[in-house]
Amino acid sequence: MRIKNLNLKNFRNYAEEGVEFKDGLNVLFGKNAQGKTNCAEAVFYLCTGVSPRVKRDKQLIRHGETQAEISLTADGRYGNISISAVIGDGGREFKLNGNKVRGADVLGNLFSVFFSPHELRLIQDGPDERRRFLNVSISQLSRPYYVALSRYNNVLEQRNNLLKLRDLDAVYDSLPVWDAQLCKYAAIVARKRADYIERLAPLAAAAHSFLTDGGEELSVSPEKKYKGSEAELEKRLFDELSNNYDRDIRLGYTASGPHRDDIDIEINGVDAKNFASQGQTRTAALSIKLAEVEIFKELSGEYPVLILDDVMSELDLPRRKKLIERTSGLQTILTCTHAERVLYGKEANKIRIENGAVKR
């Protein structure tokens, strides 16, 4: 897959601009706060329907404007493709090859993996960040997962609202009905997450070994409680919820299920979330992202676009060179302040960004 061009209008600090991309390495360079990351963010947004940086689409609109427009064209496994989005105060509208589609229908057409220094949250922060990583990645590859996750969240919200009612008889009578629906979708989500992590683990370990010259061992694994078939998981989750009605009513929310999941991450047998150094954390997070790239290739038949935002400043020289070597054969969008300092003789399409404009 190869993105050919990107057009931006009133997106972040861009008034109106176009960017041409080529095969291989594309370097967006310039001083800080000029719009390099904004450009990379727009690519990821059009591939996934979500921003890797903010939760509210309204924040993507240029200050003083009422809406933003972004679009790209690409060569994919099924030929040429175009995706556009109009983002306004009242919502957003996507088009795929000129036809209006829902945000969910954007997924699976173009694949992208995004890595920036903020991705250290994947290791350092709470389970929310790791679940978000799984949700965005798996949803690009599996529409059934995206649908099940959406329905699970909707039913979970209804169940949590029920738990807050004062009429306990009504609560106890209704919970089994909601739980039957919740566990059906929960089993799909849990099983697909476990399958994904099991596929990711050896790829992440290999990438980590490559980046550290075999000096460290990375282990990634799903929580052990979610082993088994979907039917087995559905029954186990239903029993777990049924046995904890009093707890959930007391808390006022559902305290177990895939929305509480986490991933176990260890470096040299030690819990990375609590004991890894900053350098180890950075390398582990990057290794997981490089493994994500390989999963896309395995399952879709083509590599995703790899976006590396301000990563080189966070890595030492040997790992910079390793990373550049690892991206060979991928279309990569890399942002940095000085292009020549990160290329190490490698050919690249260099694009200078200055104050929201491409300087040709």
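This is a predicted model, so every value here is computed, not measured.
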Extract all donor-acceptor atom pairs below 3.5 Å that involve side chains of residues 110-120 and protein atoms in other chains or at least two apart in sequence.
from: S112; atom 1: OG; to: V305; atom 2: O; distance (Å): 3.4
from: S116; atom 1: OG; to: H118; atom 2: N; distance (Å): 3.2

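- To the nearest 0.5 Å, atom OG1 of residue T337 and atom CG of residue L28 are 12.5 Å apart.
- With a 4.5 Å cut-off on side-chain heavy atoms, N268 and F275 do not count as touching.
- Figure legend: K350 and F29 shown without cation-pi pairing, the cationic atom not lying both under 6.0 angstrom from the six-membered ring centre and within 45 degrees of its axis.
- Side-chain contact, Y172 with D246: a donor N or O sits under 3.5 Å from an acceptor N or O.
- The side-chain hydrogen bond (donor to acceptor under 3.5 Å, both in side chains) search around D75 returns R2, not counting sequence neighbours.
- Listed here is the closest heavy atom pair of N97 and I81: OD1-CA, 3.4 Å.
- To the nearest 0.5 Å, atoms NZ (K184) and CG (L237) are separated by 15.0 Å.
- Once rounded to the nearest 0.5 Å, the distance linking CG of D262 with CZ of R131 reads 7.0 Å.
- Within the structure, ring pair (Phe, Tyr, Trp, His ring centres under 6.0 Å) contacts touching residues 314-340 (residues at least two apart or in different chains) do not occur.
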Inset, instruction - Take I288 and V220 through the side-chain contact (heavy atoms from CB on, under 4.5 Å) test and state the conclusion after the steps. - result: CA-CA 9 Å; I288 290 172; V220 182; 4.3 Å; yes

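- At a threshold of 4.5 Å between non-hydrogen side-chain atoms, the residues N80 and K4 count as touching.
- Residues L290 and L323 have side chains in contact (heavy-atom distance under 4.5 Å, counting atoms from C-beta outward).
- Taken to the nearest 0.5 Å, the CG atom of D248 stands 6.0 Å off from the OG atom of S256.
- For the atom pair NZ of K31 and CD of E354, the computed distance is 7.5 Å after rounding to the nearest 0.5 Å.
- Ionic pairing of K36 and D310 is not present here: no N-O contact between side-chain nitrogen and carboxylate oxygen is shorter than 4.0 angstrom.
- Within the structure, the side chain to side chain donor-acceptor pair (under 3.5 Å) test picks out the following pairs touching residues 297-307 (sequence neighbours left out): R199-E298, E294-Y303.
- The closest donor-acceptor contact from the side chain of E17 to the backbone of V358 lies under 3.5 Å.
- In terms of heavy atoms, C336 sits closest to V27 at SG-CG1, 3.6 Å.
- In this structure, K22 places its NZ atom where only 12 or fewer heavy-atom neighbours from other residues, nucleotides or ligands lie under 6.0 Å away.
- In terms of the ring pair (Phe, Tyr, Trp, His ring centres under 6.0 Å) criterion, Y185 has no residue partners (sequence neighbours excluded).
- Counting heavy atoms of neighbouring residues, nucleotides and ligands inside a 6.0 Å radius, atom NZ of K164 exceeds 12 of them.
- A salt bridge does not link R132 with D128: every distance from a Lys NZ or Arg NE/NH1/NH2 to an Asp or Glu carboxylate oxygen is 4.0 Å or more.
- By the side-chain contact (heavy atoms from CB on, under 4.5 Å) test, V147 pairs with R143, R151, sequence neighbours left out.
- A distance-only check finds no donor-acceptor pair linking the side chain of S137 to the backbone of F133 [under 3.5 Å].
- Looking only at side-chain heavy atoms (C-beta outward), N38 and L60 stay at 4.5 Å or farther from each other.
- Using bins of under 30°, 30° to 60° and over 60° for the plane-to-plane angle, the ring pair Y45/F94 lands in the parallel bin.
- From N10, atom CG reaches atom NE2 of H63 across 12.5 Å, with rounding to the nearest 0.5 Å.
- The side-chain heavy atoms of I188 and Y145, taken from C-beta on, include no pair separated by under 4.5 Å.
- Around atom CD of E217, no more than 12 heavy atoms belonging to other residues, nucleotides or ligands sit under 6.0 Å away.
- The shortest distance between side-chain heavy atoms of L122 and R130 falls below 4.5 Å.
- Taking the side chain as every heavy atom from C-beta outward, L286 and L315 approach each other to under 4.5 Å.
- At distances below 3.5 Å, not a single donor-acceptor pair connects side-chain atoms of S142 with backbone N or O atoms of I138.
- Closest approach of I265 to K273, counting heavy atoms only: N-NZ, 3.8 Å.
- The side-chain heavy atoms of L218 and T283, taken from C-beta on, include no pair separated by under 4.5 Å.
- When only modelled atom types and interatomic distance are considered, Q278 and E314 share no side-chain donor-acceptor pair under 3.5 Å.
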